[in-house]
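Here is the naming used below: chain letters follow the sequence lines, and residue numbers restart at 1 for every chain.
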There are 2 protein chains.
Amino acid sequence: MTQIEKHHHQHGERSRPEIRGMLRQSGLRPTRQRIALAELLYSKGNRHISAEGLHEEALTKNVPVSLATVYNTLHQFTESGLLREVAVDGSKTYFDTNVDDHHHFFVEDDNEVMDIPHGQLGVGRVPEAPAGYEISRVDVVVRLRRIKV
Amino acid sequence: MTQIEKHHHQHGERSRPEIRGMLRQSGLRPTRQRIALAELLYSKGNRHISAEGLHEEALTKNVPVSLATVYNTLHQFTESGLLREVAVDGSKTYFDTNVDDHHHFFVEDDNEVMDIPHGQLGVGRVPEAPAGYEISRVDVVVRLRRIKV
DNA sequence: CTGTGTGCAAACTCTTTGCATAAGT
DNA sequence: ACTTATGCAAAGAGTTTGCACACAG
């Protein structure tokens, strides 16, 4: 059994063996493609990326994966809690490498997602869920517009 | 004057002449289709509807409009401030007949959008916009899950 | 009449799927 | 070997576009 360096700083660089362990712990076979994609995802701090974006990036860096595999992988990672899906505007789905409780800025002009620094936003009072429902999550999106000069 | 009156008995809050005026004020020619769609939209209190939903509803009520026209109309209404686009999850776009400041519940199980009763939610502290940006809107989505029995 | 709106079908974008092949353990 | 993952291309959902015809002013 590989001993996993239990020292992952929340974000930032993760070594290849760390990634293999992360995948194993999530019940995902550490295949070439998954490892490569995980490296792209987790080697740059927090990222908010779409499937197409990640696919392009992979091809650019000579990691030949198919778009279908990118989609599969992103969804598997999401199910395993390694990623979180971010619902902002636009038709694209974004995946966030930061799975902690936090909220987002969304730049309307160029469909970009950014984290809101922790502590800068307080969701005041959360309403009661209607009967028969429970709250699964509260998402806040602060939409931004570029100031025209 | 056109005389193609279908049977419409909407228990509406806005009468047909009101709707015509509303469209005119927004710079939209009150055509048959726009009037009919506006009647569907505004005669039942607040609604959260997708283009496909509205199209189906129109056909059901013998208002023959094409899907393309429904999309055009929804977007024109949105630009004119008559509707508001709601960004929740899912791939569909929802349009909200309530353009006041308010937030939403989103039922994950069946992709349904509901208003959060006014006053039940307080957005605590809103973060500062990053330099060069201004806040255009803050959207809060409280995601709900049906409680399994 | 003049210009805008509409309908239709085809195009487009993003995402999912089916199935044969490749790779992990 | 046995099983799961991948790649490809095709299909699917939602949305948009281009152009001829219809309608409002």
### Query
Can you find a side chain N or O atom of B:Gln33 that sits less than 4.0 Å from OP1 or OP2 on D:dA22?
no
### Message
Nearest to the A:Thr73 side chain among D:dT6, D:dT17, C:dT15, which nucleotide is it?
### Response
D:dT6
### Message
Expected output is a numbered-order residue list: members of residues 81-97 of chain B with a heavy atom under 4.0 Å from any atom of DNA chain C. What is it?
### Response
none
### Task
Choose from D:dG25, C:dT15, D:dT17 the nucleotide whose nearest atom is closest to any side-chain atom of A:Glu52.
C:dT15
### Pairwise 5' ranking along DNA chain D for B:Leu67 and B:Thr31, keeping only the more 5' one
B:Leu67
### Task
Please report, rounded to the nearest Å, how far the P atom of C:dG5 is from the CD atom of B:Glu79.
12 Å
### Position toward the 5' end of DNA chain C (nearest nucleotide), B:Gln76 or A:Ser50
B:Gln76
### Task
Find the distance B:Asn72:CG to D:dT15:P and express it as a whole number of Å.
13 Å
### Task
For A:Leu54 and C:dC14, give me the distance from atom CG to atom C1', rounded to whole Å.
15 Å
#### Entry: Side-chain donor-acceptor contact under 3.5 Å, B:His48 with B:Asp115
yes
### Summary
Taken to the nearest whole Å, CG/A:Leu59 to P/D:dC8 is 10 Å
### Message
How many whole angstroms separate atom CG of A:Leu37 from atom P of D:dA5?
### Response
14 Å
### Message
From NE2 of B:His55 over to P of C:dA9, roughly how many Å is that when rounded to an integer?
### Response
12 Å
### Query
Taking only N and O in the side chain of B:Tyr71, is any of them less than 4.0 Å away from OP1 or OP2 of D:dT16?
no
### Message
Given C:dG7, C:dC14, D:dG25, identify the nucleotide with an atom nearest to the side chain of B:Ser66.
### Response
C:dG7
### Query
Will you find, in the side chains of B:Gln33 and B:Thr73, an N or O donor that is under 3.5 Å from an N or O acceptor?
no
### Task
When you get a sec, tell me which of C:dC14, D:dC8, C:dT25 is the closest nucleotide to the side chain of A:Ala68?
D:dC8
### Task
Identify which nucleotide among D:dT6, C:dG7, D:dG25 has an atom closest to any side-chain atom of B:Arg24, counting heavy atoms from C-beta outward.
D:dG25
### Message
Can you see if the side chain of A:Arg32 gets near the phosphate of C:dA23 - specifically, an N or O under 4.0 Å from OP1 or OP2?
### Response
yes
### Query
Hey, does B:His75 reach any base, or is it just sugar-phosphate, or nothing, if we go heavy atoms under 4.0 Å?
sugar-phosphate
### Query
What is the distance, rounded to the nearest whole Å, between atom CD1 of A:Ile35 and atom P of C:dG24?
8 Å
#### Entry: C:dT6 OP1/OP2 closer than 4.0 Å to side-chain N/O of B:Arg34
yes
### Task
Considering non-hydrogen atoms only, spot the tightest contact between B:Gly81 and B:Val99 and give its length.
O-CG1, 3.6 Å
### Task
Pick out which of B:Val142, B:Val107, B:Ile147 makes a side chain to side chain contact (heavy atoms under 4.5 Å, CB included) with A:Tyr133.
B:Val107
### Query
Side chains of A:Phe105 and A:Pro117: does their closest heavy-atom pair fall under 4.5 Å?
yes
#### Entry: side-chain N/O B:Thr69 vs C:dT6 OP1/OP2, d < 4.0 Å
no
### Query
Taking B:Arg84 for the side chain and B:Asp100 for the main chain, is one N or O donor matched with an acceptor at less than 3.5 Å?
yes
### Query
Of the nucleotides C:dG7, D:dT6, C:dG24, which has the atom closest to the A:Arg29 side chain?
C:dG24
### Query
Rounded to the nearest Å, what distance is computed from the CG atom of residue A:Leu23 to the P atom of nucleotide D:dT4?
17 Å
### Query
With distance as the sole criterion, is a donor-acceptor pair present between the side chains of B:Asp101 and B:His118 under 3.5 Å?
no
### Message
Under a plain distance cut-off of 3.5 Å, with no hydrogens placed, do B:His103 and B:Asp139 share a side-chain donor-acceptor pair?
### Response
no
